[in-house]
Amino acid sequence: MIEIAHKVIADQPLVLAFAAVGALMWISALVSRLLFRGRIHASAIAIMAALALAWYGGIITGGKKGLADVPAFAGLLLMGGAMLRDFAIVATAFEVDPIEARKAGLLGAFALLLGTVVPFAVGAGIAWSFGYRDAVSLATLGAGAVTYIVGPVTGAALGASSPVMALSIATGVLKAVLVMATTPMAARFMGLNNPRSAMIFGGLAGTVSGVAGGLAATDEKLVPYGALTATFHTGLGCLLAPSVLFLILKALV
């Protein structure tokens, strides 16, 4: 058994990565059920634990890739990359009923636009209050408030510095965790009990992981609808943030 384990670690790092993430999710589900009675979804707990592990991995190795810098967990680099992430996001859309999706209509499209522009403006405003004055940094941090994907995409397009791009990712991750944790608490107030409201919520909240985790804790049947518009939200943010919104911001500052 020991030889088999050594072989898996040495030759199949992706297998070990899936096993590690599966174990983390299992533990997070136990913590969610036993300590929080399901009020904080296991996904939110898992994200916080993963961030702590990534920090610890960077501390003990002095590297820049988190736990993936530990040779045994090198497979996390591939598993957490864009390929599998985008596959998982796209896969959620296959459970959407087109008839229900049409019901969102123009209101859903407006929610997408509003959910992109408002977080961008808020993020840029907070960045300004912390002393950032150049349009590139403001746009990158504003884009990070849209999602943690839009932030680095915008920063790379505009030539932002690495610290600013890292801060934009951290902003987006914080937003995702907050959306994930608070959605079940506010679901009744927001009327999150049907596909139409879930699609509008996904457009307003934007973050795919936050929306999916929050709706999973509210009603699993609503996850594909919220994730569908949240996915479009990411694409819209990547289109508008480094172009139209950046030019508007540049004209203002």
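In what follows, residues are counted from 1 in the order of the sequence shown.
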To the closest 0.5 Å, what do you measure between [atom1] ([X]) and [atom2] ([Y])?
| X | Y | atom1 | atom2 | result |
| --- | --- | --- | --- | --- |
| D219 | Y225 | CG | OH | 10.5 Å |
| L30 | M25 | CG | CE | 11.0 Å |
| T207 | I149 | OG1 | CD1 | 8.0 Å |
| L24 | L53 | CG | CG | 6.5 Å |
| L215 | F201 | CG | CZ | 5.5 Å |

Any side-chain to backbone donor/acceptor pair from [X] onto [Y]? Under 3.5 Å, distance only.
| X | Y | value |
| --- | --- | --- |
| S168 | G144 | no |
| K175 | V146 | yes |
| S32 | A29 | no |

Inset, instruction - May I ask whether V164 and L158 are part of the same hydrophobic cluster, defined by side-chain heavy atoms of I, L, V, M, F, W, Y residues being less than 4.5 angstrom apart, directly or through others? - result: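 No; L158 is not reachable from V164 via cluster members.
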Inset, instruction - Check whether I169 and M165 end up in the same hydrophobic cluster, where Ile, Leu, Val, Met, Phe, Trp and Tyr are linked by side-chain heavy atoms less than 4.5 Å apart. - result: no
Legend entry - Contact summary for A205 and V211, nearest pair of heavy atoms: CB-CG2, 3.6 Å
Legend entry - Closest contact, heavy atoms only, S197 versus N193: OG-N, 3.5 Å
Inset, instruction - Check step by step if side chain to side chain contact (heavy atoms under 4.5 Å, CB included) holds for F120 and V150. - result: CA-CA 10 Å; F120 181 91; V150 177; over 6 Å; no
For residues 176-188, tabulate all N or O donor-acceptor pairs below 3.5 Å that involve a side-chain atom, not counting sequence neighbours.
unit_1, atom_1, unit_2, atom_2, d
T182, OG1, L178, O, 2.6
T183, OG1, V179, O, 2.5

Got a list of side-chain donor-acceptor pairs under 3.5 Å for residues 237-253, not counting sequence neighbours?
unit_1, atom_1, unit_2, atom_2, d
S243, OG, L239, O, 2.5
S243, OG, L240, O, 3.3

Inset, instruction - Taking the side chain as every heavy atom from C-beta outward, state whether L204 and L114 have any atom pair closer than 4.5 Å. - result: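 Yes, side chains in contact.
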Below 3.5 Å, can you tabulate the donor-acceptor pairs from side chains in residues 132-142 to any protein atom, sequence neighbours excluded?
unit_1, atom_1, unit_2, atom_2, d
R133, NH1, W128, O, 2.5
D134, OD1, S137, OG, 3.1
D134, OD2, S137, N, 2.9
D134, OD2, S137, OG, 2.8
T140, OG1, V136, O, 2.8

